[in-house]
Amino acid sequence: MDVRRATSVRELLDAQHLYDGPAREEWAERFLAAPGHLMLIAYVDGFPAGMVSGVEMLHPDKGVEMCLYELSVDEAHRRRGVGRALTEALAAEARRRGCYDMWVGVDTDNDPALATYRSTGAADDGEFAMLTWEFHPEA
């Protein structure tokens, strides 16, 4: 397995089977241009078998932290350490960038995700509620 940072639109588009929906070239370009946004892709025999995206966030009184935005592993490559390797690679990148922590929001009934994150050293902070504002910009 080879985990590396995506640096081209082509890499992002080639990994779209790992996303919730189809990728758009203009959004991929914008993602790559956005400071603090990164995607790491795990390749198995040249195939994008998994991805993790992170967003570096900065606050005046807290410093820099990393949000693990999304982790996805191709179904045929699950339970082989791909998710763990990606999570560990993002944590290493967060440390390299001087982040004081890394966090992820996860559904409490998502046992595979919870097991992956805990296996890499994440600890449960307790109850968590996520509230969402939905906006519907022109697609």
Side-chain angles (χ1 to χ4, degrees):
M1 176 179 3
D2 178 31
V3 176
R4 61 182 187 262
R5 183 173 181 180
T7 58
S8 73
V9 170
R10 181 79 264 146
E11 289 171 295
L12 295 178
L13 297 179
D14 287 348
Q16 69 182 316
H17 64 282
L18 299 167
Y19 309 154
D20 295 328
R24 293 190 182 180
E25 189 170 335
E26 63 269 21
W27 291 349
E29 290 171 356
R30 191 170 165 189
F31 178 89
L32 291 172
H37 285 65
L38 69 148
M39 181 177 295
L40 305 176
I41 300 176
Y43 293 91
V44 175
D45 298 325
F47 177 76
M51 69 85 186
V52 64
S53 59
V55 180
E56 182 183 286
M57 300 183 328
L58 175 64
H59 198 273
D61 72 332
K62 294 173 185 65
V64 183
E65 64 183 335
M66 181 67 68
C67 168
L68 188 160
Y69 184 76
E70 187 169 11
L71 173 68
S72 176
V73 177
D74 181 73
E75 192 168 339
H77 293 86
R78 291 182 183 161
R79 302 193 54 80
R80 298 183 185 176
V82 175
R84 180 182 305 173
L86 286 163
T87 303
E88 288 172 343
L90 184 63
E93 179 64 18
R95 283 187 205 93
R96 188 188 71 72
R97 292 171 176 233
C99 295
Y100 69 88
D101 76 359
M102 182 170 87
W103 62 275
V104 62
V106 61
D107 293 331
T108 57
D109 63 350
N110 188 339
D111 293 330
L114 290 167
T116 297
Y117 300 140
R118 288 179 177 139
S119 76
T120 62
D124 191 340
D125 278 348
E127 294 295 319
F128 180 81
M130 181 156 70
L131 308 175
T132 304
W133 289 258
E134 288 195 29
F135 306 118
H136 301 281
E138 292 184 43

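- Residue E75 places its CD atom among 12 or fewer non-hydrogen atoms of other residues, nucleotides or ligands, all under 6.0 Å distant.
- Y19 contributes a side-chain N or O that, together with a main-chain N or O of L12, makes up a donor-acceptor pair within less than 3.5 Å.
- Taken together through direct or relayed side-chain contacts under 4.5 Å among Ile, Leu, Val, Met, Phe, Trp and Tyr, L13 and Y43 form part of one hydrophobic cluster.
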Practice item. Just do the side chain to side chain contact (heavy atoms under 4.5 Å, CB included) check on M102 and L90 with the steps written out, would you? Key: CA-CA 9 Å; M102 182 170 87; L90 184 63; 3.8 Å; yes
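- A distance-only check finds a donor-acceptor pair linking the side chain of E11 to the backbone of S8 [under 3.5 Å].
- Cation-pi geometry between R24 and W27 is satisfied (NZ or CZ under 6.0 Å from the ring centre, within 45° of the ring normal).
- In this structure R5 satisfies the salt bridge (Lys or Arg N to Asp or Glu O under 4.0 Å) test with no other residue, sequence neighbours excluded.
- Taking a 4.5 Å side-chain heavy-atom cut-off between Ile, Leu, Val, Met, Phe, Trp and Tyr, the cluster of F135 extends to W133.
- Going from atom OG1 of T7 over to atom CG of L38 covers 12.0 Å, rounded to the nearest 0.5 Å.
- Cluster membership for V104 and V73, using ILVMFWY side-chain heavy atoms within less than 4.5 angstrom, is shared.
- Between the side chains of T120 and R84, no donor-acceptor pair of N or O atoms lies under 3.5 Å.
- Residues forming a salt bridge (Lys or Arg N to Asp or Glu O under 4.0 Å) with E93 (at least two apart in sequence, or on another chain): R96, R97.
- Judged as a salt bridge (Lys or Arg N to Asp or Glu O under 4.0 Å), and not counting sequence neighbours, R78 has no contacts.
- Cluster membership for I41 and V9, using ILVMFWY side-chain heavy atoms within less than 4.5 angstrom, is shared.
- Cluster annotation: V106 is connected to L68 through the hydrophobic network of ILVMFWY side chains, with a link wherever side-chain heavy atoms come within less than 4.5 Å.
- Side chains of M57 and W103 form a contact here, defined as non-hydrogen atoms less than 4.5 Å apart.
- Nearest heavy atom pair, residue L58 against residue V64, reads CD1-CG2, 3.4 Å.
- Side chain of E65 to backbone of D101: no donor-acceptor contact under 3.5 angstrom is found.
- Connection of V3 to M51 is not established within any shared hydrophobic cluster, with ILVMFWY side chains joined at heavy-atom distances below 4.5 Å, either directly or through further cluster members.
- Remark: F31 pairs with H37 by the ring-ring contact (aromatic ring centres under 6.0 Å, His included) rule, at least two apart or across chains.
- With sequence neighbours left out, F47 forms a ring-ring contact (aromatic ring centres under 6.0 Å, His included) with H17, H77.
- Minimum heavy-atom separation, L114 to D107: CD1-O, 4.1 Å.
- Of the possible donor and acceptor atoms, none in the side chain of S53 sits under 3.5 Å from a partner among the backbone N and O of M39.
- The structure places CD of E88 at 12.5 Å from CG of L40, a figure rounded to the nearest 0.5 Å.
- Across all their heavy atoms, M1 and A42 have their closest contact at SD-CB, 3.9 Å.
- At least one side-chain heavy atom of L71 sits under 4.5 Å from a side-chain heavy atom of T116.
- Atom CZ of R10 has more than 12 heavy atoms from other residues, nucleotides or ligands within 6.0 Å.
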